[in-house]
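Computation of the quantities below employed the complete heavy-atom set of this structure, encompassing side-chain atoms and omitting hydrogens, waters and symmetry-equivalent molecules. Residue numbering restarts at 1 for every chain, and letters A, B, ... go by the order of the sequence lines.
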Number of protein chains: 2
Amino acid sequence: MAALKQKISEKTVERLSVYRRHLKELQKKGKTRVYSHELAQIVAGTPAQVRRDLMQVGGNGCSSKGYEINLLSDEISELLDYPEKQNVALIGVGNLGRALLGFFSGSRENFDIVATFDNDPDKCGRIICGRRCYNADQLKKIVGEKKISTAILAVPAEAAENAVKDLIDAGVKAILNFAPKHITTNSNVFIQTIDMTMALEKAIYFSHKNTYAKESQHERNRKNYQSTF
Amino acid sequence: MAALKQKISEKTVERLSVYRRHLKELQKKGKTRVYSHELAQIVAGTPAQVRRDLMQVGGNGCSSKGYEINLLSDEISELLDYPEKQNVALIGVGNLGRALLGFFSGSRENFDIVATFDNDPDKCGRIICGRRCYNADQLKKIVGEKKISTAILAVPAEAAENAVKDLIDAGVKAILNFAPKHITTNSNVFIQTIDMTMALEKAIYFSHKNTYAKESQHERNRKNYQSTF
DNA sequence: CTCTAGTTGTGAAATAATGCACAGCGTGAA
DNA sequence: TTCACGCTGTGCATTATTTCACAACTAGAG
């Protein structure tokens with residue numbers, strides 16, 4: 001228990017999430033132990049980086065046997081998750097919103113999308129992918145009632161700014177924003193923007209640069225991981 | 001023309017894309033000039049950082065008048081884009097794929113989704129959102145014919161690895177991967193994974209940490225920008 | 001038991017990214 | 001014309017992140 005409550009960097013949190021998902025796959029395959037260099041491959045990092053990350057969750061690797069998968073997975077979960085399943089709301093039930101709803105459904109242990117919101121009267125009141133769709137003006141009420149801590153924002157760019165305001169006002173603590181618009185706040189609310197347009201433009205940019213910018217194998221591996229987002 | 005062909009960092013490329021989109025909005029509003037501190041707000045960075053980024057594209061800000069929006073936008077485009085519109089393929093026409101197709105449609109100047117692929121016989125041959133859907137086994141042929149440089153991958157996690165192999169084999173140069181699976185390659189192909197599950201887990205993680213980790217205003221602003229992806 | 005091979009944990013070095021601070025300049029006012 | 005203000009471009013300091021490299025340890029072979 002080395003690193004209790006030591007502030008964990010965002011990058012590390014991101015990687016821990018990726019490690020954990022991979023660990024669960026390994027569990028399914030019946031593996032019981034894993035080495036740092038195996039996990040390193042997943043995130044295209046170095047074994048040293050993986051070990052450092054894992055130290056933050058109480059690094060209990062065993063020399064020459066590596067890490068015990070079950071234990072490690074549990075430890076990561078203890079760090080990333082909360083005792084109670086977290087309730088999440090989806091704002092904006094357009095094409096993207098519905099796709100995200102499907103994407104995030106299924107057996108999730110640590111969170112649950114419990115409500116959706118839209119301001120299209122045709123959608124409100126209906127059940128979409130198993131979740132009730134509320135009118136946007138119900139936001140504050142439902143967020144309070146259902147103790148929703150986090151929101152997924154899938155509204156058009158023009159609507160994003162106001163939606164964020166409303167969400168913060170409603171008491172949400174984190175927002176995962178898919179609208180192609182970067183939004184800041186001076187509140188304590190955590191806003192993570194997934195800027196898909198930017199990501200595609202970036203991919204297109206590097207699609208060509210890569211061809212005539214030969215690098216070492218190692219460099220290339222690192223390049224391929226990328227921000228992961 | 002300070003920085004011609006100087007290697008531009010990924011972070012900078014990301015921000016340039018964001019700047020450009022904002023510049024185009026400003027253009028629509030009729031603004032003609034912009035200051036570094038205005039752009040800094042957008043990405044929750046510092047003016048110095050913005051100026052550094054812009055220097056890479058030929059920094060031609062004018063003392064006390066700031067940057068000329070039209071010129072700056074064009075210069076960023078010259079750096080990020082290519083003379084020819086880039087052809088993009090979408091792999092996987094499920095819910096998410098179709099949503100992405102819609103999301104990336106509209107008036108894009110620098111790229112165009114020209115084909116979609118799926119291995120569901122029901123989908124193949126049909127026109128989906130205006131794009132012909134091909135069978136996956138046509139990939140190499142079509143990628144060659146249509147000079148597709150970049151692919152958007154929206155297949156289930158299990159299928160991602162093989163899909164990436166096929167795409168690389170087909171000659172694609174960059175992949176934007178939405179499958180919750182990190183994939184590496186030793187080819188020169190640029191793979192950018194948008195790990196939405198990870199992003200949500202991260203958001204949930206920081207939703208709580210933020211509440212009892214008060215920081216300076218400035219720190220908070222930085223936190224709120226986040227990886228942007 | 002001893003030795004070898006291979007792995008972890010981690011201090012220290014290296015690298016990358018960010019922010020500070022100021023010289024230099026253009027602008028507009030007087 | 002002169003001056004004050006405010007902004008850019010940038011060297012340098014600072015901070016964040018990654019990698020190196022090695023001591024300590026474990027397992028297994030002989």
Side-chain angles (χ1 to χ4, degrees), chain A residues 1-4 6-16 19 32-41 43-69 71-72 75 215-228, chain B residues 1-4 6-16 19 32-41 43-69 71-72 75 215-228:
Chain A
M1 54 180 64
L4 210 44
Q6 190 178 346
K7 187 157 58 186
I8 297 182
S9 82
E10 276 189 50
K11 294 261 181 86
T12 296
V13 170
E14 293 179 358
R15 284 188 297 255
L16 287 174
Y19 298 150
T32 59
R33 309 201 71 98
V34 68
Y35 297 121
S36 62
H37 67 257
E38 297 177 282
L39 290 173
Q41 269 205 313
V43 296
T46 61
Q49 182 175 61
V50 172
R51 293 199 296 272
R52 249 181 222 293
D53 288 338
L54 297 188
M55 272 184 47
Q56 307 251 322
V57 299
N60 51 20
C62 178
S63 303
S64 98
K65 284 199 311 185
Y67 299 85
E68 202 195 323
I69 291 177
L71 179 56
L72 188 54
E75 283 182 331
E215 292 160 271
S216 73
Q217 170 74 31
H218 187 238
E219 263 307 298
R220 262 183 284 142
N221 276 344
R222 294 196 3 78
K223 270 278 167 50
N224 284 324
Y225 173 43
Q226 306 310 2
S227 335
T228 167
Chain B
M1 53 182 63
L4 211 46
Q6 189 178 346
K7 188 157 57 187
I8 297 183
S9 83
E10 277 190 50
K11 293 259 179 89
T12 296
V13 170
E14 293 180 359
R15 284 188 297 256
L16 287 175
Y19 297 149
T32 59
R33 308 201 70 97
V34 68
Y35 296 121
S36 62
H37 66 259
E38 296 176 283
L39 290 173
Q41 267 203 316
V43 296
T46 60
Q49 183 174 62
V50 173
R51 293 199 295 271
R52 271 210 146 68
D53 289 338
L54 297 188
M55 271 184 45
Q56 308 250 321
V57 298
N60 50 19
C62 177
S63 303
S64 96
K65 285 199 310 186
Y67 299 84
E68 202 196 324
I69 291 178
L71 179 57
L72 188 54
E75 284 183 332
E215 294 161 88
S216 72
Q217 171 73 30
H218 187 237
E219 263 307 298
R220 260 184 284 142
N221 276 343
R222 290 195 8 76
K223 271 277 166 51
N224 283 324
Y225 172 42
Q226 307 311 358
S227 335
T228 167

Using atom names, set out every protein N or O paired with an N or O of nucleotides 27-30 of chain C below 3.5 Å, distance rounded to 0.1 Å.
residue: C/dT27; atom: OP1; partner: B/Lys65; partner atom: NZ; Å: 3.3
residue: C/dT27; atom: O4'; partner: B/Ser64; partner atom: OG; Å: 3.3

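- Nearest-nucleotide mapping onto DNA chain D: of A/Arg52 and B/Val34, the residue sitting toward the 5' end is B/Val34.
- Atoms CD (B/Gln56) and P (D/dT8) sit 17 Å apart, rounded to a whole Å.
- Residues A/Leu16 and A/Asp53 share a closest heavy-atom pair of CD2-O, 4.1 Å.
- Between A/Lys65 and A/Tyr35 the shortest heavy-atom distance is C-CE2, 3.6 Å.
- With axes fitted over five pairs at each extremity, the angle between the ends of the helix from C/dC1-D/dG30 to C/dA30-D/dT1 is 0° (10° resolution).
- Residue B/Glu68 holds its CD atom at 8.0 Å from CG of B/Asn60, rounded to the nearest 0.5 Å.
- Closest-nucleotide positions on DNA chain C for B/Ser9 and B/Ala48 were compared, and the one nearer the 5' end corresponds to B/Ser9.
- Checking the phosphate oxygens (OP1, OP2) of C/dA5, no side-chain nitrogen or oxygen of A/Tyr35 falls inside 4.0 Å.
- In this structure the side chain of B/Leu54 reaches within 4.5 angstrom of the side chain of B/Tyr19, judged on heavy atoms.
- Backbone-only engagement by B/Asn60 is indicated by non-hydrogen atom pairs under 4.0 Å involving sugar-phosphate atoms exclusively.
- Rounding to whole angstrom units, CD of residue B/Glu10 and P of D/dT18 are separated by 12 Å.
- Remark: B/Arg15 is not in phosphate contact with C/dA17, judged by side-chain N or O atoms under 4.0 Å from OP1 or OP2.
- Atoms CG (A/Leu54) and P (C/dG9) sit 8 Å apart, rounded to a whole Å.
- For A/Met55, taking side-chain heavy atoms from C-beta onward, the closest of the listed nucleotides D/dT10, C/dT10, D/dT17 is C/dT10.
- Taking atom NZ of residue A/Lys11 and atom P of nucleotide D/dT19, one finds them 10 Å apart after rounding to whole Å.
- To the nearest 0.5 Å, atom CZ of residue A/Arg51 and atom CG of residue A/Leu39 are 11.5 Å apart.
- Nearest heavy-atom pair across B/Pro47 and B/Ser36 is CB-OG, 3.6 Å.
- The distance from the CD atom of A/Glu14 to the OG atom of A/Ser9 is 8.0 Å, given to the nearest 0.5 Å.
- Atom pair B/Gln49:CD and D/dT8:C1' shows a separation of 16 Å (rounding to whole Å applied).
- The side chain of B/Thr46 places no N or O atom within less than 4.0 Å of a non-bridging phosphate oxygen (OP1 or OP2) of C/dT18.
- Rounded to a whole Å, the NE2 atom of B/His37 is 16 Å from the P atom of C/dC20.
- Atom pair B/Leu39:CG and D/dC7:P shows a separation of 13 Å (rounding to whole Å applied).
- With rounding to the nearest 0.5 angstrom, the CE atom of B/Met55 is 11.0 Å from the OG1 atom of B/Thr12.
- Atom CD of B/Gln41 has 12 or fewer neighbouring heavy atoms from other residues, nucleotides or ligands inside a 6.0 Å radius.
- Proximity of A/Lys11 to A/Arg15: side-chain heavy atoms (C-beta onward) are separated by under 4.5 Å at one or more points.
- For C/dT8, one of the phosphate oxygens OP1 or OP2 lies less than 4.0 angstrom from a side-chain nitrogen or oxygen of A/Arg51.
- When rounded to the nearest whole Å, the span between CD of A/Glu68 and P of C/dT8 equals 14 Å.
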